[in-house]
Structure formats: C-alpha cells, structure tokens
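Report on the structure given below.
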Number of protein chains: 2
Amino acid sequence: MIRVLLADDEHLIRGALASLLALEDDITVVAEAASGDEALAMARAHRPDVAVLDMRMPGHDGVSVAALLREEVPECASMIVTSHAGAGALKQALAAGVRGFVPKTVSARRLAEIIRTVHTDGRYVDHELAADAIAAGESPLTPREAEMLSLAEDGAPVAEIASRAALSPGTVRNYLSAAAAKLGAENRHVAARIARERGWL
Amino acid sequence: MIRVLLADDEHLIRGALASLLALEDDITVVAEAASGDEALAMARAHRPDVAVLDMRMPGHDGVSVAALLREEVPECASMIVTSHAGAGALKQALAAGVRGFVPKTVSARRLAEIIRTVHTDGRYVDHELAADAIAAGESPLTPREAEMLSLAEDGAPVAEIASRAALSPGTVRNYLSAAAAKLGAENRHVAARIARERGWL
DNA sequence: GAGTCCGCATGACAGATGTCATGCGGACTC
DNA sequence: GAGTCCGCATGACATCTGTCATGCGGACTC
C-alpha cells in the first residue's frame with residue numbers, strides 16, 4: 001500500500017484528487033495539506049511514501065518543500081503537480097530532487113500510475129515539458145548577468161540595482177545590455193521576462 | 001435536475017470535479033470541455049443550465065466564453081472558477097455577465113451550493129475577492145492613460161507605442177508619466193504591472 | 001612562459017525616457 | 001455667457017539607459 005501526502009491550497013482540487021486516488025486499490029491518502037508549511041508538518045508526522053505537491057502554495061512553494069523533505073524525510077519521494085508549467089520550474093524542481101513532474105492536464109488514472117512509478121524509485125517527467133526544457137537549452141548568461149537580471153526583474157531603476165550589487169551603474173548597464181543582446185530582447189525588462197520563462201534565473 | 005457544463009483544460013481537475021458533482025442528487029454534468037472553443041461548441045449542442053468555466057483556458061478564456069454564451073445560449077448561467085484570483089479578473093467577469101465567481105479554494109459541497117444559487121437566478125461572488133475589488137477601488141487612470149499602459153505592458157519602447165497609437169512620442173511619455181505618478185510607480189513598467197493587478201487595464 | 005580567450009568591471013558618449021510648462025477644447029457650474 | 005475644471009496633446013529640457021572602447025586578471029592551450 002502506497003501512503004500518499006497531498007498538498008494543494010485549492011480545496012476543490014485537493015478534495016477531488018483525494019477521492020479519485022481513493023478509488024485505486026494500492027494507494028491511500030494519509031494526509032492533506034493546504035500550504036507548504038502544513039505539508040512539511042504533515043510529512044514529519046505521517047512519514048508518507050510519496051508527497052504530491054502543488055507548485056504554487058502559500059508559505060513554501062512545492063519545490064522548496066521537496067528540497068526540505070529530502071533532508072528531513074528522505075524515504076519520502078516528492079512529485080510536483082502544477083498548472084503553471086514552465087521549463088524553468090521543471091529545472092528547479094529536478095535540482096531540488098523531485099522525482100516526478102506533471103501538469104494538471106493528465107488524467108487521474110495516469111496520475112496514479114505515476115505515483116506508483118515514483119514510489120518504486122522511478123522518475124517521471126511530462127514529455128512536453130521535457131521537450132520545452134531541452135529546447136530552452138543551457139543558459140547563455142554568465143553568473144553576473146543572471147544576477148543583474150534577477151535584480152532588474154521588478155522594474156527597479158539601474159541606480160538601485162547598482163547599489164544593491166555594490167557595483168558602478170555603468171557596469172550594471174553593461175551586464176544588462178549584454179544579457180539583453182544574448183536573449184534578443186529590446187531592453188532589460190523583456191530580457192528579464194524571457195530569462196525567467198526559460199528557467200535561466 | 002440542474003444540467004451542468006464543465007470547462008477546464010486541466011484534465012485532472014475536470015474529472016475530479018465531475019465525479020464530485022455526480023454525488024449531488026440534483027446536479028448532472030451533461031458535458032465536459034478542455035478549451036474555450038470546445039466549451040462553446042458543447043454549450044450550443046447541449047444547452048446546459050449552468051456553465052462552470054475555468055478562467056485560464058486555451059482558445060477563449062473563461063470570461064470571453066461567458067460573454068459569448070450570454071448571447072448564444074441566454075438561458076445558460078455562467079460562473080467562473082479560478083485559481084488565479086485577482087480583483088481585475090473579477091471585474092472583467094462581472095462585466096461579461098458572469099453570475100458566480102469563486103476561487104478553487106472552496107470545498108466541493110460549497111461549489112454545489114453555489115451552482116444551485118446561480119441556477120435560481122442568484123449571484124455569488126467570493127467575499128475575499130469582493131473585498132479586494134472594493135479595496136482596489138475605481139481606476140484613477142484616464143482612458144488614454146490606461147490605453148498607453150496596456151501598450152507599454154510588454155516592454156515595448158516608447159517610439160513603438162507612439163506609432164501604434166498614432167501619437168507624438170512626447171505625448172505618450174506624458175501619459176505614461178502621469179499614470180506612473182498616480183500609481184506611485186517608479187517607471188512605466190512597474191506602473192503597468194500595478195494597473196494590471198488591480199484590474200485597471 | 002607566451003599567447004589567447006573569457007568573464008568582470010569601468011567611464012565616456014549618444015540616444016531613449018521622464019518631467020515640466022504650455023495650449024486647446026469640451027463639460028459643468030453659477 | 002463667463003469662469004473653471006479636466007482630459008488630450010505637444011515640444012523643450014534634464015536625467016536615465018544602453019552601447020562602445022578599454023583594461024585587468026584567471027584559465028586554458030601549446
């Protein structure tokens with residue numbers, strides 16, 4: 001019997017998922033959580049075999065919960081179920097030791113299969129998302145360029161970025177300009193968006 | 001018996017929702033759709049009493065489907081179920097004639113009740129979202145300012161915005177500057193983000 | 001060890017951006 | 001009808017932003 005923890009802040013979906021998984025003979029939902037923090041607490045208490053985590057949750061998001069679970073409850077395999085499926089999110093999730101990554105467009109039957117795969121030490125990544133991630137490729141940005149882009153992400157003026165990074169404004173402009181050129185963007189704002197989408201930040 | 005159309009591109013959620021609603025004695029799901037266009041086609045064919053629409057879908061989004069349904073299948077009441085719940089979305093939905101607006105954080109039981117309310121000519125809007133919308137208040141932007149902001153949203157340079165709007169670059173700068181001042185933003189990029197969040201675009 | 005490449009960092013310069021003062025015309029008050 | 005307010009529109013000016021030429025130092029090749 002596979003003991004599953006279900007974490008999703010959307011009550012509607014969590015409940016629905018629970019009742020669908022209950023139909024499977026070899027799967028039991030032993031705990032439900034509506035936030036990242038709650039998911040951690042539940043996992044510590046119930047030590048489930050598989051944690052099914054939503055990406056976007058209040059408190060810790062799915063990826064950081066997975067990272068923490070890996071240390072605190074190592075026998076528990078983590079998988080992410082998300083509607084906001086970007087190549088970037090996938091990359092971060094895999095780095096955090098997540099073993100399954102599926103969009104919410106899959107069917108319940110399929111989800112149950114994937115839970116089983118993940119439980120038996122397997123891995124599963126949605127094919128389309130994997131293709132996206134491969135298409136996005138490796139980041140052409142240098143570490144500094146990526147850092148400047150992430151500081152520029154919220155639209156702050158260059159002067160503020162410069163002071164935060166303890167750099168000359170000219171230097172900051174230079175990095176941002178280089179990054180925008182590499183990404184084919186008109187200015188730093190669109191460059192930041194593109195880099196974020198592709199998981200390069 | 002209330003005949004319901006269910007539209008959500010996330011298979012997992014749609015299926016789960018359908019099985020949960022099936023438990024209610026007075027509700028039948030007569031059709032399911034995975035996209036806006038499919039939802040329209042299904043509604044034309046089955047003429048349901050209530051259409052439960054996800055906000056974000058491929059093809060037409062929930063709001064525009066609701067607007068079209070109102071004309072084509074006027075006896076069908078539309079309601080939006082969404083995870084991306086912003087005050088702006090709510091405002092647009094109500095303008096499109098939507099009768100119910102709920103986040104996916106509600107329970108299935110509650111959703112069934114709301115479907116009944118909407119079916120009997122009632123309205124239902126989630127309290128928290130309504131509070132947000134009221135807190136956001138009326139837009140302080142003039143029509144022109146809002147127009148410039150929406151053109152500026154994707155990070156285009158001012159020159160391009162000016163040519164699209166058939167205005168002098170100076171004029172465009174002026175509107176954007178005024179809008180940023182009203183919104184307390186440092187520049188047009190953050191101004192556009194703020195306005196979008198509050199449903200002023 | 002010399003040569004070469006690449007990332008980090010800077011300042012000067014041109015061009016884009018935001019601010020300001022100004023004018024026009026419609027709506028509303030009195 | 002005069003006065004006032006507000007939105008629309010423009011150009012001049014100061015500031016900010018992006019581009020370029022330049023230099024430094026570590027890594028890697030030969």
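Chain letters run A, B, ... following the sequence lines, proteins first and then strands; every chain starts at 1. The model shown is predicted, which means the values in this text are computed figures rather than measured ones. All heavy atoms count here, side chains included; hydrogens, waters and symmetry mates do not.
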- Task: List for me each residue that meets side-chain contact (heavy atoms from CB on, under 4.5 Å) alongside Arg3(B), sequence neighbours excluded, and say none if there are none.
- Result: Val30(B), His46(B), Asp49(B)
- Give me the first and last nucleotide of DNA chain C, going 5' to 3', that has any atom under 4.0 Å from a heavy atom of chain B. dT17(C) to dA21(C)
- Message: Would you say CZ of Arg70(A) has more than 12 non-hydrogen atoms from neighbouring residues, nucleotides or ligands within 6.0 angstrom?
- Response: no
- Message: Between Lys104(A) and His11(B), is the side-chain contact (heavy atoms from CB on, under 4.5 Å) condition met? List the steps.
- Response: CA-CA 6 Å; Lys104(A) 283 182 178 167; His11(B) 193 295; over 6 Å; no
Distance-only donor-acceptor pairs under 3.5 Å for side chains of residues 175-185 of chain B, two or more places apart:
residue   : atom : partner   : partner atom : Å
Lys182(B) : NZ   : Pro140(B) : O            : 3.1
Lys182(B) : NZ   : Glu145(B) : OE1          : 2.8
Lys182(B) : NZ   : Glu145(B) : OE2          : 3.2

- Item | Residue list, salt bridge (charged side-chain N to carboxylate O under 4.0 Å, His left out) with Arg116(A), at least two apart or on another chain | Glu24(A), Asp26(A)
- Query: If you count the non-hydrogen atoms of other residues, nucleotides and ligands that lie under 6.0 Å from CZ in Arg44(A), is the total more than 12?
  - Reply: yes
Taking distance alone, no hydrogens or angles, what donor-acceptor pairs closer than 3.5 Å link side-chain atoms of residues 155-165 of chain B to residues at least two apart or in another chain?
residue   : atom : partner   : partner atom : Å
Glu160(B) : OE2  : Arg164(B) : NH2          : 2.7
Ser163(B) : OG   : Glu160(B) : O            : 3.0

- For DNA chain C, stems built from three or more consecutive Watson-Crick or G-U wobble pairs below 3.5 Å: C:1-30 with D:1-30
- Item | Counterpart residues, side-chain contact (heavy atoms from CB on, under 4.5 Å), relative to Ala66(A) (two or more places apart) | Leu53(A), Ser78(A), Val98(A)
- Pairs flagged by side-chain hydrogen bond (donor to acceptor under 3.5 Å, both in side chains) wherever residues 186-198 of chain A is involved - sequence neighbours left out: Glu153(A)-Arg196(A), His189(A)-His189(B)
- Message: Please list all pairs meeting side-chain hydrogen bond (donor to acceptor under 3.5 Å, both in side chains) that have one or both residues in residues 27-42 of chain A, counting only residues at least two apart or in different chains.
- Response: Arg14(A)-Glu32(A), Asp37(A)-His60(A)
- Query: Which residues satisfy the side-chain hydrogen bond (donor to acceptor under 3.5 Å, both in side chains) test with Glu128(B), sequence neighbours excluded?
  - Reply: none
- Query: Atom CD1 of Ile13(B) and atom CG of Leu12(A): how far apart are they, to the nearest 0.5 Å?
  - Reply: 8.5 Å
- Message: So if I take residues 181-201 of chain B and measure heavy-atom distances to DNA chain D, which residues fall below 4.0 Å?
- Response: none
- Message: Any residue in residues 140-169 of chain A with a heavy atom nearer than 4.0 angstrom to DNA chain D? Just list them by number, or reply none.
- Response: Pro157(A), Val158(A)
